[in-house]
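A short write-up of the structure that comes next.
Because the structure is a prediction, the values reported are computed rather than measured. For ligands, and for the atoms within them, numbers begin at 1 and follow the listed sequence.
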Amino acid sequence: MLFDNPIYVGRPNVGDRAEFEALVDRIFESGWLSNSGPLVVELEARLADFLGVRNCVAMCNGTVALEIAARALGLTGEVIVPSYTFIATAHALYWQGLTPVFADIAKETHNLDPESVRQAITSETSGIVGVHLWGRAAPVDELQQIASEHGLRLMFDASHAFGNRHRGQMIGTFGEAEVFSFHATKFFNTFEGGAVVTDNDELAESVRLMRNFGFVDFDEVVYPGTNGKMPEVSAAMGLVNLDSIENVVERNRENHDAYRDVFAAETLVDLLLFDQRSGSNCQYVVIELAAGAVEYRDRLVADLHAENVWARRYFWPGCHRMEPYRTLFPESGERLPNTVDVAERVVVLPTGTAVTPDDCRLIGEFVVSRLRDYCAERG
Ligand code: T4K
């Protein structure tokens, strides 16, 4: 076996434990555990400052943040989203009574293909939710252009893109609102958590209201809101982890470079690259198998698991092939050839602070040697 202990995709990056424990002591001493306590307020201010946005509203998780953002934007009817994303992007809309309409991605970027978005627009369409998949920016300008032409609302699921830039501009500042996930598996985590960020003060006020049952005062409720609040212990984790993100990026880059060196001369594997100069958290190590090797994708993943390397097939098979969308829209795959193709090719490999560049070299070499073996067996 390659490793005695499991090597996971999504192992949490955790900052200074002593600092975190000191903050937890403070929480107990204050007797303030939730409901916009001082640490949540401090985290929101630091995140808004870091991202360069006017408003950051912290949430209990990214999924509820997506639901609240969609609702605050007043989305109705159909909303265009990629199928090639984590299921929460689609489910958040569906839970709000909206119909996610899946558009295709571009093969090279794995992000929404603007032409496919245009084709998905109907008289019922009210908005577009772009996703910055793997942390690489969605085609923000093209989507903004389409939204403006058709009078659609535009927001982004930036769950993978915390701290990333697009052409020098911080992700978090595009569209009318952007949503982050701070789940344990994310580059920056608060155990569970998320945020809606926006420069629109009015929108931010609606989001805050919706996060806390619609309360505007002790006894006055003006809206049927939900409970989207982040607890203080999550904010404590966030404040500590925010101090260590440079170390996490550094390790992710070293790991990514180690994989890149192994895969550089290998024609059976393509490693997705990030624009490191413009700013990327390098949170995901994504390989695509070439045409000659794609039939071995699942065998490769099973062999990696047998070696204690818990590689993933994110985001196979695509939201449109999961329930309820598979049953509701059985024909949608016909409009999504690139989604179907990419979903069959991708393997996500471990990175993060729990993994070393040497681990990555070992995993990369194993991938290459297995793929060559399978192809040799085939003859
Ligand atoms: N939009 C996008 C584009 C997203 O990617 C996500 C979340 C969301 C929206 C929704 O945000 P949240 O509501 O979750 O804040 C995981 C995460 O649970 C999910 O948050 C994340 N995307 C998705 C990409 O990955 P699963 O189903 O793969 O989780 P699971 O339990 O298989 O864990 C993944 C790996 O992480 C495993 O290899 C084990 C490791 N792990 C996990 C946890 C929780 C650890 O080592 N320690 C841990 O504490 O979804």
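- A103 pairs by the side chain to side chain contact (heavy atoms under 4.5 Å, CB included) definition with I80, L112, S116, V117, not counting sequence neighbours.
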Enumerate, one pair per line, all nitrogen or oxygen atoms of ligand 1 lying under 3.5 Å from a protein nitrogen or oxygen, stating the separation to 0.1 Å; write 'none' if no such pair exists.
{"unit_1": "ligand 1", "atom_1": "1 (N)", "unit_2": "D157", "atom_2": "OD1", "d": "3.4"}
{"unit_1": "ligand 1", "atom_1": "1 (N)", "unit_2": "D157", "atom_2": "OD2", "d": "2.7"}
{"unit_1": "ligand 1", "atom_1": "1 (N)", "unit_2": "S159", "atom_2": "OG", "d": "3.2"}
{"unit_1": "ligand 1", "atom_1": "5 (O)", "unit_2": "H160", "atom_2": "NE2", "d": "2.8"}
{"unit_1": "ligand 1", "atom_1": "5 (O)", "unit_2": "K186", "atom_2": "NZ", "d": "3.4"}
{"unit_1": "ligand 1", "atom_1": "11 (O)", "unit_2": "S181", "atom_2": "OG", "d": "3.3"}
{"unit_1": "ligand 1", "atom_1": "13 (O)", "unit_2": "G62", "atom_2": "N", "d": "3.3"}
{"unit_1": "ligand 1", "atom_1": "13 (O)", "unit_2": "T63", "atom_2": "N", "d": "2.9"}
{"unit_1": "ligand 1", "atom_1": "13 (O)", "unit_2": "T63", "atom_2": "OG1", "d": "2.5"}
{"unit_1": "ligand 1", "atom_1": "15 (O)", "unit_2": "G62", "atom_2": "N", "d": "2.9"}
{"unit_1": "ligand 1", "atom_1": "15 (O)", "unit_2": "S181", "atom_2": "OG", "d": "2.7"}
{"unit_1": "ligand 1", "atom_1": "18 (O)", "unit_2": "H183", "atom_2": "NE2", "d": "3.4"}
{"unit_1": "ligand 1", "atom_1": "20 (O)", "unit_2": "H183", "atom_2": "ND1", "d": "3.3"}
{"unit_1": "ligand 1", "atom_1": "22 (N)", "unit_2": "K186", "atom_2": "NZ", "d": "2.8"}
{"unit_1": "ligand 1", "atom_1": "25 (O)", "unit_2": "Y314", "atom_2": "OH", "d": "3.3"}
{"unit_1": "ligand 1", "atom_1": "28 (O)", "unit_2": "R312", "atom_2": "NH1", "d": "3.4"}
{"unit_1": "ligand 1", "atom_1": "28 (O)", "unit_2": "R312", "atom_2": "NH2", "d": "3.1"}
{"unit_1": "ligand 1", "atom_1": "28 (O)", "unit_2": "Y314", "atom_2": "OH", "d": "2.5"}
{"unit_1": "ligand 1", "atom_1": "32 (O)", "unit_2": "R312", "atom_2": "NH1", "d": "2.8"}
{"unit_1": "ligand 1", "atom_1": "36 (O)", "unit_2": "V9", "atom_2": "O", "d": "3.0"}
{"unit_1": "ligand 1", "atom_1": "36 (O)", "unit_2": "G10", "atom_2": "O", "d": "3.4"}
{"unit_1": "ligand 1", "atom_1": "38 (O)", "unit_2": "V9", "atom_2": "O", "d": "2.9"}
{"unit_1": "ligand 1", "atom_1": "46 (O)", "unit_2": "R11", "atom_2": "NH1", "d": "2.8"}

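- Atom OG in S206 sits 11.5 Å away from atom CZ in R71 (nearest 0.5 Å).
- Aromatic rings from F50 and F162 are positioned such that their centres are separated by under 6.0 Å.
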Table please: side-chain donor-acceptor pairs of residues 357-369 below 3.5 Å, with sequence neighbours left out.
{"unit_1": "D358", "atom_1": "OD1", "unit_2": "R361", "atom_2": "NH2", "d": "2.9"}
{"unit_1": "D359", "atom_1": "OD1", "unit_2": "T356", "atom_2": "OG1", "d": "3.3"}
{"unit_1": "D359", "atom_1": "OD2", "unit_2": "T356", "atom_2": "N", "d": "2.9"}
{"unit_1": "D359", "atom_1": "OD2", "unit_2": "T356", "atom_2": "OG1", "d": "3.2"}
{"unit_1": "S369", "atom_1": "OG", "unit_2": "F366", "atom_2": "O", "d": "3.4"}

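- Remark: aromatic rings of W134 and F315 are close, center separation under 6.0 Å.
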Enumerate, atom names and distances included, each donor-acceptor pair closer than 3.5 Å involving a side-chain atom of residues 283-290, sequence neighbours excluded.
{"unit_1": "Q283", "atom_1": "OE1", "unit_2": "F187", "atom_2": "N", "d": "2.9"}
{"unit_1": "Q283", "atom_1": "NE2", "unit_2": "H160", "atom_2": "O", "d": "3.1"}
{"unit_1": "E288", "atom_1": "OE2", "unit_2": "H110", "atom_2": "NE2", "d": "3.0"}

